[in-house]
Amino acid sequence: MIDFAMPSLGADMDAGTLVEWFIKPGDAVRRGDIIALVETQKGAIEIEVFQDGRLGDIKVGPGERVPVGTVLATILEPGETVPSPAAETPPSAVEEAAPPAPLSPRPPMPQLEAERAVPAAAPGEAAATRPRITPAARRQAAEKGIDLATVSPGAEGVIGLAEIAAVAAIKPAPAGETRARRPGIDLGEMRKAIAAAMSRSHRDIPHYWVSQTIDLTALFAWLEAENAKRSTAERLLYAAPLIKAVALALKERPELNGHYGEAGFVPAERVHLGIATALRGGGLVAPALHDADSIGLEELMTRLADLIPRARAGRLRSSELSDASATFSNLGEGTSEAIMPLIYPPQVAIVGCGAATLRPFVVGGKVEARRLLTVTVAGDHRVSDGRRASQFLARLDALLQKPEAL
Amino acid sequence: MSEMRRITYREAVREALREALSRDERVFLMGEDVGAYGGAYACSLGLLEEFGPERIRNTPLAESGFVGAGIGAAMNGMRPIVEIMTINFSLLALDQIVNNAATIRHMSGGQFSVPLVIRMATGAGRQLAAQHSHSFECWFAHIPGIRVVAPALVADARGMLPAALADPDPVVIMEHATLYNVEGEVPADGELAVDLDRAAIRREGTDATIVTYSANVMKALAAAEALAGEAIDCEVIDLRSLRPIDDATILASVRKTHRAVVVDEGWRSVGIAAEISARIQEQAFFDLDAPVERVCSVEVPIPYPSHLEQAAIPQPETIAAAVRRTLRR
Amino acid sequence: MTDTELMDLVRKTLFDVAPDLEGEELEARETFHDQFEIDSMDFLNFVIGLAKATGVEIPESDYPRLQTPAGAVAYLRANWAAAST
């Protein structure tokens with residue numbers, strides 16, 4: 001029997017609300033199936049299962065908000081049978097295995113959830129993993145109606161009065177006042193999630209930035225010729241070859257593609273590129289485009305055309321929120337030339353592109369109007385130095401000069 | 001507001017002694033070398049000539065004996081002021097202080113009181129080595145039946161002695177040896193209304209409360225001044241009285257600043273700082289935004305070499321560092 | 001098809017592409033980008049949707065003519081006739 005737990009969909013997620021089960025106990029599941037819908041700060045996320053088998057018991061019902069790591073249901077492995085009531089584990093043992101329940105029969109207070117907003121730990125480790133929230137912060141959060149699960153710890157991992165004040169300052173307007181509300185996405189909550197992730201990034205990651213301006217004239221000419229040959233539905237956006245080239249160049253630079261955790265840096269074996277997607281009305285989410293280095297441009301376009309509207313509608317899958325090994329941020333439309341992005345922890349690099357605009361450029365000793373793209377790599381000094389980013393950019397430039405090979 | 005004048009801490013003690021001796025014939029001073037020599041720290045210099053050997057009495061090097069004599073004199077209607085050269089030597093008189101001075105009012109059902117004042121020099125910083133430099137304030141502050149005060153400011157050195165003499169029970173006045181040469185302001189005339197029960201806020205602030213007493217008030221103020229440059233606004237509380245402790249002033253401040261640093265030249269273990277920290281956590285736990293920090297002396301006998309002596313005791317830098325820790329900066 | 005019906009088609013296609021805009025009022029003469037932060041991906045999906053619904057083949061060089069709701073209606077009116085004959 002395998003525990004199916006509330007997944008962590010990014011560094012800033014502490015808890016989620018189970019919205020719906022798509023299957024019932026006894027139903028067969030296959031790796032990759034979407035079996036539940038969970039409401040998070042990034043919208044309603046479809047949760048996938050990672051093993052074959054059958055759904056055992058459902059432990060968390062619709063409407064329940066539980067911390068990351070809480071067992072939502074059990075999955076029975078192939079061949080395993082539902083335990084008969086007689087053979088069932090004694091209830092006390094089940095309770096011990098489950099995350100600690102509050103002693104009170106009342107629904108858990110937000111503060112209690114915050115205390116448990118960490119993966120279930122062995123009893124002896126409880127003290128070490130309990131969130132460090134000062135008494136004054138706890139009281140003030142209660143007075144202001146702030147859910148401590150939404151507060152990102154500050155220095156030394158402590159939530160103090162300063163952290164409460166920061167959240168209070170961006171707390172959305174109280175009910176009654178109008179504010180943007182999109183299906184599946186609460187922009188106020190999303191802003192908190194972005195604030196938490198970017199505060200952590202800015203505080204913990206020693207960033208460096210390296211920029212290069214790349215001539216995309218050849219790529220645009222190739223794209224124009226290609227698109228003229230293609231039907232409406234088969235046309236490519238320049239983002240597609242750009243993403244492919246970024247993914248290929250990242251594959252060659254493992255120091256820029258992976259995750260930095262408690263055990264230090266772990267390079268990722270595959271390139272799942274987070275595609276930073278701006279939401280209308282504000283907000284940002286970067287779902288993973290899986291294996292961006294190894295799929296063709298047509299497949300890549302199809303996936304993008306599917307992924308981006310779902311990101312905006314708040315209908316992403318759990319793997320898309322947790323798998324990204326690096327992030328790609330493209331300003332695209334508009335006229336801004338360059339972006340200096342912040343890394344999304346626990347990733348170690350982000351590639352930011354300005355708008356591809358006509359600008360003067362020296363070609364063959366002469367100044368010409370060319371279609372130029374300024375690409376900036378933010379890297380994590382705990383893992384790499386500017387030299388690596390520079391090598392990455394040189395490789396990216398070379399790849400983009402031969403779009404037909406992508 | 002009456003006019004102010006500047007005198008040294010030593011002069012303030014001497015003035016207070018002279019005033020007490022002049023106003024009340026029952027007052028007399030006794031201690032080692034308080035006569036012709038003028039006391040180890042020259043507080044009684046000139047008083048022998050002024051008031052004669054009956055009232056300015058040299059004693060043998062026998063703390064238990066002369067403190068006991070002071071207790072007897074107090075019980076019999078006198079108002080003795082006993083000077084003990086340093087707090088280290090006061091340990092020889094602890095039996096008299098703990099078993100007699102502190103208990104007689106209670107054991108006699110209120111029939112006898114002991115209106116005795118004991119003055120002693122305390123603390124490190126003058127390279128007098130381990131047998132003359134300690135801070136045992138907590139030993140005395142532990143004992144019900146006596147009052148323990150520690151004047152930090154010159155005005156308190158001037159005002160606390162008459163207030164102590166007015167008290168019907170034993171009062172121990174702790175004078176930090178590094179303060180005698182410090183100059184400060186006292187009112188030029190009028191009454192020195194000095195309340196022995198209350199702590200005083202020496203600097204108002206909003207970000208952290210530094211609770212201390214005696215010579216460390218000056219170090220805390222220096223730390224607060226340095227931290228002001230980092231946009232950290234400290235409140236500095238001078239306890240003044242170590243028994244009783246003025247909880248109300250401390251708690252009101254901590255409820256405002258949410259952070260507390262206790263500075264004590266005594267050793268950390270089982271000391272005044274531990275007591276203040278416990279009281280804050282008992283009564284203001286839900287107002288705290290950081291654990292209470294303690295800045296105390298290193299747990300070694302106070303060293304003789306100046307650099308080691310200074311390294312062993314609280315300094316403005318170590319106090320400032322503790323304040324920063326409470327702010328997680 | 002009348003212009004009103006074409007505008008309904010434009011609206012429906014846009015909402016299919018960007019369901020989060022469902023219910024929004026369209027300003028006929030303002031660009032999709034300015035009104036709704038429509039980016040190139042949304043726009044491509046929008047054009048694909050229109051092409052699928054009408055059978056009109058829309059070359060990339062014509063994209064500038066479809067930047068506003070009114071422009072899209074006018075383009076479809078002009079080209080649908082050609083496509084259906």
Side-chain angles (χ1 to χ4, degrees), chain A residues 43-44 180-187 190 220 223-240 242-243 275-285 287 289 300-315 330-335 353 355-356, chain C residues 6 9-27 30-69 71-72 75-76 78-80 82-84:
Chain A
R181 168 75 199 178
R182 304 293 186 197
I185 297 182
D186 179 333
L187 292 179
M190 174 169 280
F220 271 74
L223 204 59
E224 200 177 326
E226 272 295 309
N227 282 345
K229 288 186 274 179
R230 292 169 181 242
S231 73
T232 314
E234 293 168 333
R235 282 179 205 142
L236 302 173
L237 296 174
Y238 81 87
L242 184 55
I243 286 170
I275 307 297
T277 307
L279 305 189
R280 283 178 265 280
L284 188 67
V285 64
L289 186 71
L300 204 154
M301 268 308 290
T302 307
R303 296 237 212 124
L304 269 184
D306 167 57
L307 190 64
I308 292 175
R310 280 199 293 110
R312 294 213 168 107
R315 298 288 292 194
N330 186 17
L331 286 179
E333 285 79 21
T335 52
C353 299
Chain C
L6 286 172
L9 177 66
V10 166
R11 186 181 291 115
K12 180 184 177 303
T13 309
L14 179 69
F15 293 166
D16 283 349
V17 166
D20 49 312
L21 293 177
E22 185 78 48
E24 297 277 350
E25 289 293 323
L26 267 66
E27 194 64 53
E30 209 178 320
T31 67
F32 292 110
H33 179 263
D34 288 351
Q35 291 187 65
F36 303 121
E37 302 179 47
I38 291 293
D39 65 10
S40 55
M41 177 52 73
D42 296 322
F43 190 75
L44 181 63
N45 283 335
F46 173 67
V47 171
I48 292 169
L50 288 180
K52 209 178 275 176
T54 62
V56 175
E57 187 60 32
I58 307 172
E60 200 174 33
S61 51
D62 285 349
Y63 287 3
R65 297 170 58 187
L66 291 94
Q67 297 298 313
T68 67
Y75 183 87
L76 290 175
N79 291 276
W80 201 343
S84 43

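Numbers restart at 1 for each chain; the letters A, B, ... are given by sequence-line order, proteins then strands. Excluded from the calculations below are hydrogen atoms, water molecules and symmetry mates; all remaining heavy atoms, backbone and side chain alike, are included.
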Q: Please determine, among A/A305, A/A278, A/P309, the option with the most heavy-atom pairs under 4.5 Å with chain C.
A: A/A305
Q. Charged N to carboxylate O under 4.0 angstrom, A/R312 versus C/E22?
A. no
Q: Tell me, for A/L304 versus chain C, whether the close heavy atoms (under 4.5 Å) come from the side chain, the backbone, both or neither.
A: both
**Q.** Minimum-distance pair of heavy atoms, taken over all atoms of A/E224 and C/E60
**A.** CA-OE1, 4.4 Å
**Q.** Structural part of C/N45 lying under 4.5 Å from a heavy atom of chain A
**A.** side chain
Q: Measure the CD1-OG distance between A/I308 and C/S40 for me, rounded to the nearest 0.5 Å.
A: 7.5 Å
Q) For the atom pair OG (A/S231) and CD1 (C/I58), what is the distance rounded to the nearest 0.5 Å? A) 11.5 Å
(Q) Regarding A/T232 and C/E57, do their side chains bring together a donor and an acceptor under 3.5 Å, going by distance alone? (A) yes
Q: Name the region of C/A18, side chain, backbone, both or neither, that has any atom closer than 4.5 Å to a heavy atom of chain A.
A: both
Q | Residue list, ring-ring contact (aromatic ring centres under 6.0 Å, His included) with C/Y63, at least two apart or on another chain | A | C/F43
Q.
Which residues pass the ring-ring contact (aromatic ring centres under 6.0 Å, His included) test with A/F220, not counting sequence neighbours?
A. A/Y238
Q.
By the definition side-chain contact (heavy atoms from CB on, under 4.5 Å), identify the one residue from C/Q35, C/E24, C/E37 that meets it with A/R280.
A. C/E37
**Q.** Minimum-distance pair of heavy atoms, taken over all atoms of C/L44 and A/L237
**A.** CD2-CG, 3.9 Å
Q. Tell me, side chain or backbone of C/I38 under 4.5 Å from chain A's heavy atoms, or both, or neither?
A. both
